[in-house]
Amino acid sequence: MTEIIMEARDVVHQYPDGTRALNNITLSLEKGKKIAFLGPNGAGKSTLFLHFNGILKPARGKIIFRGREIRYDHSSLTELRKNVGIVFQDPEIQLFSASVYQEISFGPLNMGLSREEVRRRVDRAMEITGVTGLKNKATHYLSYGQKKRVSIADILAMNPQVIIFDEPTSGLDPKLTGQIMELFDGFSREGKTVILSTHDVNAAYSWADHVIVIKDGSVAGEGEPEDIFQDDGLLAAADLDKPWLVDVYRQLRSRGLVAEGCGVPRTREKLFGLIRNI
Amino acid sequence: MFQIDYYAYSNRMVSIHPAEKFLFSFITMLICLAINSYAVSLAVILLMTGAVVLRAGIPWGLYLKLMALPAAFLLVGVAAIALSVSFSGQAAGTFWGFSLAGVSVGVSAGGLALAGKIFLKSLAAACCLYFLALTTPMVDIISLLRKIKAPSLFMELMGLVYRFIFVMAETAEKIYTSQSSRLGYVNLNRGYHSLGQLVSNLFVKSYHRSKMLFIALTSRCYNGEITVLERNYSLSPGNIAVILLLDTGLVLFGIWEKWGGPAA
């Protein structure tokens, strides 16, 4: 039983100079899935995300959230933004307060919750993202990784059903990237729909349930990661590399070392399992 | 300035209720300004220096460097008060002076005393403000002002300006580094040129950033007013007692020294 939580239908977004950032894009996102958006810089991923949150209004077409077309009056937008949160790529832009605690409390307070409830949520969001120790620190004395975590806690405290991460792992070292991806798995287990954009094909391949490739403002391809990352034509068209797991698997297959039908491994462990069986 | 900010967050008095520190600083300053005597000013300087260096743990070196700043300005300022100028020969009561073309410039005992008094009083007031600045993070000061019903628009602006001073300083530093790595400051002429570009670039970047900030705030249901939860501090009766004791002592000392003391 699948339920569609977010849809875009023939959405067009035009820059003032006439170029189309989104060009009749149509897609639907399933509730509770882990969805990765891939595609070159300037393909329109960030622009699309801003539409999901009602920041941008499509020039043509419509955005549908939980079966209802988004309306752009104040109360409808507030309702939408309570349910769809965006973590921006650059935490420096998102963090407006010099105090970590005040920063995280901003979103839930805007939702009209009681102060006690906001305190509970802020504490919980800080615990999950591992920034409780930074509670009384000044934002400007945090490291980049810490700022990134605070920017995630910002949105988590609002407890949205859909969380969108715009290139969450850019500029992070591998260890932090791993920790952040684990956090996202946790959100997904809670039943949230987790959407992210990334250039890291390996992370997307292992992590995502569903992959959407965006190119020139429309969907170039979408499907399960195993299918998308074996579609050589699509990968070439969108300038994407193949995940190393797929490369190795292909080599093994071409040498006839693994049996047909065992499927492409999604994790390092599964691949090693295949190799052990050779 | 960044050093003051750094210590405001990392001194040993940071967990004390900001209102207590605010009261201590301001009541002490008021007493010092109201009583206006050498002894009280000196006492305030000693008291505040003790509080900043011994209690809050601010390094001596930094504190003295910070104090040198107002002291230098004050010295120049009070010099004018100490000197008395007269156009009719030697002014009365001067113990040192010279005349030049009918104008005599001299230092009188009274002028010197007045200058000294003003110097000490102003320095003591500066100490009180340094105490607040070095022990209380800006965020707490803004929270406090908000609690005493300062207009929220100003408080929001103050908060944003404070946050983005650091973002801007960092951006400026990055631009400067990238310019110098390409010989942007190789000589004075190029230096001026690069500096101009740095400033204009900074302006464009800040403008872009403010637009992005607005988008990010809007996505979190921003509705025209920035509301945040303040940190909970608890008032300590012990601290309040100490503040009252010290300041009462200061007032009594001032009264005794001015009206009942041996010097009177």
Side-chain angles (χ1 to χ4, degrees), chain A residues 46 49-50 52-56 74-75 77-113 115-116 118-119 121-123 135-142 151 154-155 157-158 160 164 166, chain B residues 1-10 14-16 18 136-143 146 155-171 173-174 205-206 208-233:
Chain A
S46 302
F49 291 166
L50 291 177
F52 286 157
N53 185 261
I55 296 283
L56 294 177
H74 182 73
S75 64
L77 281 178
T78 305
E79 197 53 36
L80 175 73
R81 287 169 190 159
K82 282 181 190 173
N83 287 300
V84 182
I86 299 188
V87 177
F88 288 85
Q89 181 180 350
D90 182 1
E92 212 70 87
I93 275 170
Q94 192 184 317
L95 305 181
F96 72 90
S97 172
S99 141
V100 171
Y101 193 80
Q102 294 187 1
E103 170 68 39
I104 303 173
S105 71
F106 174 73
L109 271 179
N110 287 340
M111 293 167 68
L113 301 165
R115 301 207 155 224
E116 295 72 52
V118 173
R119 277 195 199 283
R121 285 192 179 201
V122 173
D123 287 341
K135 189 173 173 176
N136 296 321
K137 285 260 165 68
T139 316
H140 47 271
Y141 293 124
L142 304 184
S151 73
D154 268 356
I155 303 305
M158 297 175 76
I164 301 171
D166 199 358
Chain B
M1 190 194 92
F2 291 115
Q3 260 182 323
I4 296 182
D5 185 72
Y6 174 78
Y7 279 104
Y9 287 94
S10 57
V14 72
S15 56
I16 291 177
T136 317
M138 196 60 184
V139 175
D140 288 346
I141 294 179
I142 295 173
S143 298
R146 203 176 276 147
M155 294 305 106
E156 280 175 23
L157 275 176
M158 215 169 145
L160 289 175
V161 166
Y162 173 65
R163 162 88 182 104
F164 284 96
I165 282 174
F166 294 93
V167 177
M168 220 164 104
E170 209 184 301
T171 314
E173 201 185 319
K174 278 183 189 155
K205 278 209 160 100
S206 306
H208 174 72
R209 216 179 258 279
S210 72
K211 285 210 303 199
M212 289 302 295
L213 176 75
F214 180 70
I215 289 180
L217 287 176
T218 308
S219 80
R220 283 201 277 160
C221 304
Y222 173 61
N223 48 21
E225 195 178 346
I226 295 181
T227 40
V228 288
L229 276 192
E230 316 285 0
R231 180 178 170 187
N232 271 339
Y233 284 98

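Quick note on labels: first sequence line is chain A, next is B, and so on, each numbered from 1.
Rounding to the nearest 0.5 Å places CD of A:Gln94 at 12.5 Å from CD1 of B:Ile215. Distance check: A:Glu92 CD to B:Arg163 CZ gives 5.0 Å after rounding to the nearest 0.5 Å. Here A:Leu109 contributes atom CG and B:Arg220 contributes atom CZ; the two are 11.0 Å apart, rounded to the nearest 0.5 Å. We find the CG-CD1 distance between B:Leu217 and A:Ile55 to be 9.5 Å, quoted to the nearest 0.5 Å. Taken from CG in A:Leu77 to OG in B:Ser219, the straight-line distance is 11.5 Å, to the nearest 0.5 Å.
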Next item on the list: Decide side chain to side chain contact (heavy atoms under 4.5 Å, CB included) for B:Arg209 and A:Asp90; before the verdict, give the C-alpha distance in whole Å, the side-chain angles of both, and the deciding distance to 0.1 Å.
Entry: CA-CA 11 Å; B:Arg209 216 179 258 279; A:Asp90 182 1; 4.2 Å; yes
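The two residues B:Ile226 and A:Phe96 come nearest to each other via the heavy atoms CG2-CE1, 3.5 Å. For the pair A:Ala98 and B:Val139, the tightest heavy-atom approach, listed with the atom from each and the gap, is CB-CG2, 3.7 Å.
Counting heavy-atom pairs closer than 4.5 Å to chain B, the top-ranked of the candidates A:Lys82, A:His74, A:Arg119, A:Arg115 is A:Arg119. Among A:Pro108, A:Ser99, A:Ala138, A:Pro160, the residue with the largest count of heavy-atom pairs under 4.5 Å with chain B is A:Ala138. Residue with the most contacts toward chain A among B:Gly159, B:Ala216, B:Pro137: B:Ala216 (heavy-atom pairs, distance under 4.5 Å). For the set A:Asp154, A:Val84, A:Ile155, A:Val122, the entry with the most heavy-atom pairs within less than 4.5 Å of chain B is A:Asp154. Among A:Asn136, A:Leu50, A:Val87, the residue with the largest count of heavy-atom pairs under 4.5 Å with chain B is A:Asn136.
Neither the backbone nor the side chain of A:Leu80 comes within contact range of chain B; no heavy atom of the residue lies under 4.5 Å from a heavy atom of that chain. Both the backbone and the side chain of B:Tyr222 come within less than 4.5 Å of a heavy atom in chain A. Looking at B:Ile142, there are no atoms closer than 4.5 Å to chain A (heavy atoms on both sides), in backbone or side chain. For B:Glu230, the parts lying near chain A are the backbone and the side chain together; criterion is any non-hydrogen pair under 4.5 Å. For B:Ser143, the part lying under 4.5 angstrom from a heavy atom of chain A is the side chain only.
For B:Tyr162 and A:His140, the gap between ring centers is short of 6.0 Å.
With hydrogens and angles disregarded, a donor-acceptor distance shorter than 3.5 Å links the side chain of A:Tyr141 to the backbone of B:Tyr6. No donor-acceptor pair under 3.5 Å is formed between the side chain of B:Arg231 and the backbone N or O of A:Tyr101.
Checked against side chain to side chain donor-acceptor pair (under 3.5 Å), B:Asp140 has the following partners two or more places apart in sequence or in another chain: B:Tyr233.
Remark: A:Lys137 NZ is loosely packed, at most 12 non-hydrogen atoms of other residues, nucleotides or ligands lying under 6.0 Å away.
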